[in-house]
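Each chain gets a letter, A, B and so on, in the order its sequence line appears, and its residues count up from 1. Hydrogens, waters and symmetry mates are skipped; everything else that's a heavy atom, side chains included, is used.
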Amino acid sequence: MLYKKSTYKSITILLIVLLCVSFFVNIGLGSVSISLKEIFLTIIGHQENYIIQHYRLPKAFTAVLAGSGLGISGLLMQTLFRNPLAGPFVLGISSGASLGVAIVILGSSLMGGFLATVFISKWSIVIAASLGSFIVLLAVMIVAAKIRDTMAILIIGLMFGSITAALVSVLSYFSSAELIQQYVFWGFGNLGNLTWYEVVIFFSIYAVGIVLSMMSMKNLNTLLLGENYAKSLGLNVKKSRFIIIIATCLLAGSVTAFAGPIAFIGLAVPHIARQIFNTSNHKILLPSVFIIGSIVMLICDSISQLPSSDYTLPINAITSLFGAPVVIWLLLRKRKMVF
Amino acid sequence: MSLINQHVVLNADNLFVGYKTHASKTIIASNINFELKQGELVGLVGVNGIGKSTLLRTLTGVQNALSGTIFLNGKHLQAFTNIEVAKVMSVVLTERIVTKNLSVFEIIALGRHPYTNWLGNLHKIDHAMINTAMSQTNIENLKHKKCFELSDGQLQKVMIARALAQDTDLIILDEPTTHLDMYHKVSALKLLQNLVKDTGKTILFSSHEIDLAIQLCDKMIVMTEHEVISGSPRALIEKGTFENLFPDDMIVFDNKTKNFRVKK
């Protein structure tokens with residue numbers, strides 16, 4: 001069965017409404033509850049509210065960027081590698097970032113007290129994460145340029161992941177418990193740590209990634225036939241593969257640098273979109289993954305704030321706790337794996 | 001149609017095909033010469049491992065020829081860009097498509113890839129080409145079905161329709177009759193024959209159905225261990241080409257009935 005165009009439209013409108021609702025709910029909920037009216041007045045500029053303007057709003061935007069960015073990069077990887085288990089981090093982006101951060105946090109003890117405090121600032125972690133993922137990525141790209149078989153790139157990505165994970169283990173072995181705890185906390189992910197200035201930088205990297213993904217939509221559909229067919233249709237497989245990988249890296253890399261290695265969203269959201277829209281057509285999937293990714297991230301963040309309490313749970317735990325049952329439920333309901 | 005003025009779509013000139021690594025060169029088939037003219041149904045036959053697929057891969061530009069040249073519409077194949085080749089030559093492969101979660105219409109629409117803009121939006125002419133392709137292959141009733149709902153034979157037709165939508169002079173099919181029963185083998189080849197008649201396209205296919213190919217093709221390319229010969233089925237029978245096709249310890253070609261028999 002194929003959905004009619006009107007069905008696509010009504011589902012999309014429903015999702016957009018849901019996105020707006022979860023956006024406002026996300027801003028409203030937290031250790032201090034804020035009424036909808038107050039949020040609205042603040043956003044249109046009639047009222048000043050420090051919490052909303054400098055904490056909740058950037059956090060909500062970060063959630064939207066992170067959720068959609070991870071979802072889309074997951075979709076790109078699943079199509080490129082023809083593998084429903086692929087996610088944004090299969091090319092070793094998050095493990096590269098982890099290594100960078102591990103070197104900064106865990107390695108700082110080797111540099112002595114004063115340097116340690118300089119090193120473990122927020123920006124040094126962002127830079128370390130970016131550098132780490134960039135270096136791993138560069139290695140993967142150099143290999144990818146020499147290889148014709150896309151599957152080999154997937155395995156090479158996983159191998160780089162193992163190498164970096166091993167290096168992190170070695171570093172942790174020589175570090176103090178305190179520093180390890182700090183590193184583990186980074187690994188939990190954090191959406192609420194960004195100032196407006198950082199959100200803008202995050203957004204500009206993210207925007208390039210989104211534009212590249214949009215440019216790849218047609219080619220991704222053609223790649224659904226397999227690489228040989230795609231080539232016979234005039235597609236330059238190597239070039240479009242390159243663009244798809246770059247887009248993934250910008251999206252997943254920027255999220256990891258600014259919000260930590262957030263798991264699960266990138267793997268699950270494309271599946272949720274495929275189940276809801278019952279298609280593999282990227283012209284439908286890309287926008288819907290964008291919306292659904294944002295919604296899921298906003299909901300997860302709202303839950304992790306534990307409304308009206310002083311505690312905040314790690315976002316990384318919530319994404320899996322909330323997301324996995326959703327995917328299982330969708331698959332059970334449809335009884336058929338759509339890929 | 002006068003035979004002299006017929007346009008040559010594809011021309012192989014002293015072609016050597018095989019594999020090349022840094023150290024060595026493996027020649028699979030050598031000295032291949034043939035012409036595919038406009039409006040011909042051409043069957044490529046030969047025993048397993050003789051190099052049919054290698055030849056097709058070379059013709060479609062997936063791998064390079066060891067030596068010799070391929071001319072497409074009179075122009076050197078190497079001088080074409082990917083997109084230009086895609087507008088002259090389409091393929092139907094044996095490999096399964098990656099996803100079956102696309103509708104028949106969406107699959108056929110992908111045949112318009114070389115013509116559409118960066119978003120892949122379909123215009124009036126694209127829709128017209130897609131509809132013609134569907135009616136030529138008799139699959140209009142499948143338009144809104146998903147590919148996982150189709151049988152092998154139907155999926156085969158969809159892939160042929162996709163190649164038709166690509167609007168090329170030449171369609172190359174790699175073993176279009178595998179996985180099909182006797183009836184559907186005939187119906188697939190009959191479909192190709194009708195397409196050649198109706199559209200004036202040139203269709204080249206590889207197959208193990210030598211009996212059927214002899215009955216349906218305008219021209220055949222026969223690959224044997226010693227040479228690659230092309231010609232009309234009748235001329236090839238007269239030359240005795242088919243008698244040398246297989247080792248003659250088990251089957252023989254009967255010139256009268258035009259088919260193979262098990263040796264008693």
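For the atom pair CZ (A/Phe277) and CG (B/Asn101), the distance works out to 13.5 Å, reported to the nearest 0.5 Å. From B/His113, atom NE2 reaches atom OH of A/Tyr229 across 15.5 Å, with rounding to the nearest 0.5 Å. A distance of 9.0 Å separates CG of A/Asn228 from OG1 of B/Thr94, quoted to the nearest 0.5 Å.
In terms of heavy-atom proximity, B/Leu110 sits nearest to A/Asn221 at CD1-O, 3.6 Å. Across every non-hydrogen atom of A/Met217 and B/Leu119, the tightest pair is CE-CD2, 3.3 Å.
For B/Lys87 (side chain) and A/Leu233 (main-chain N/O), no donor-acceptor pair under 3.5 Å exists by modelled atom type.
The choice from B/Val91, B/Val92, B/Leu93, B/Ile172 that makes the most heavy-atom pairs within less than 4.5 Å of chain A is B/Leu93. Considering only heavy-atom pairs separated by less than 4.5 Å from chain A, the leading option among B/Thr168, B/Asn117, B/Thr81 is B/Asn117.
Residue B/Asn121 touches chain A through both its backbone and its side chain, counting heavy-atom pairs closer than 4.5 Å. Only the backbone of A/Leu223 comes within contact range of chain B, with heavy atoms under 4.5 Å apart. For B/Gln166, the part sitting under 4.5 Å from any heavy atom of chain A is the side chain, from C-beta outward, and nothing else. Contacts between B/Met159 and chain A at a heavy-atom distance below 4.5 Å involve the side chain alone, from C-beta outward. Proximity to chain A (any heavy atom under 4.5 Å) is shown, for B/Thr116, by both the backbone and the side chain.
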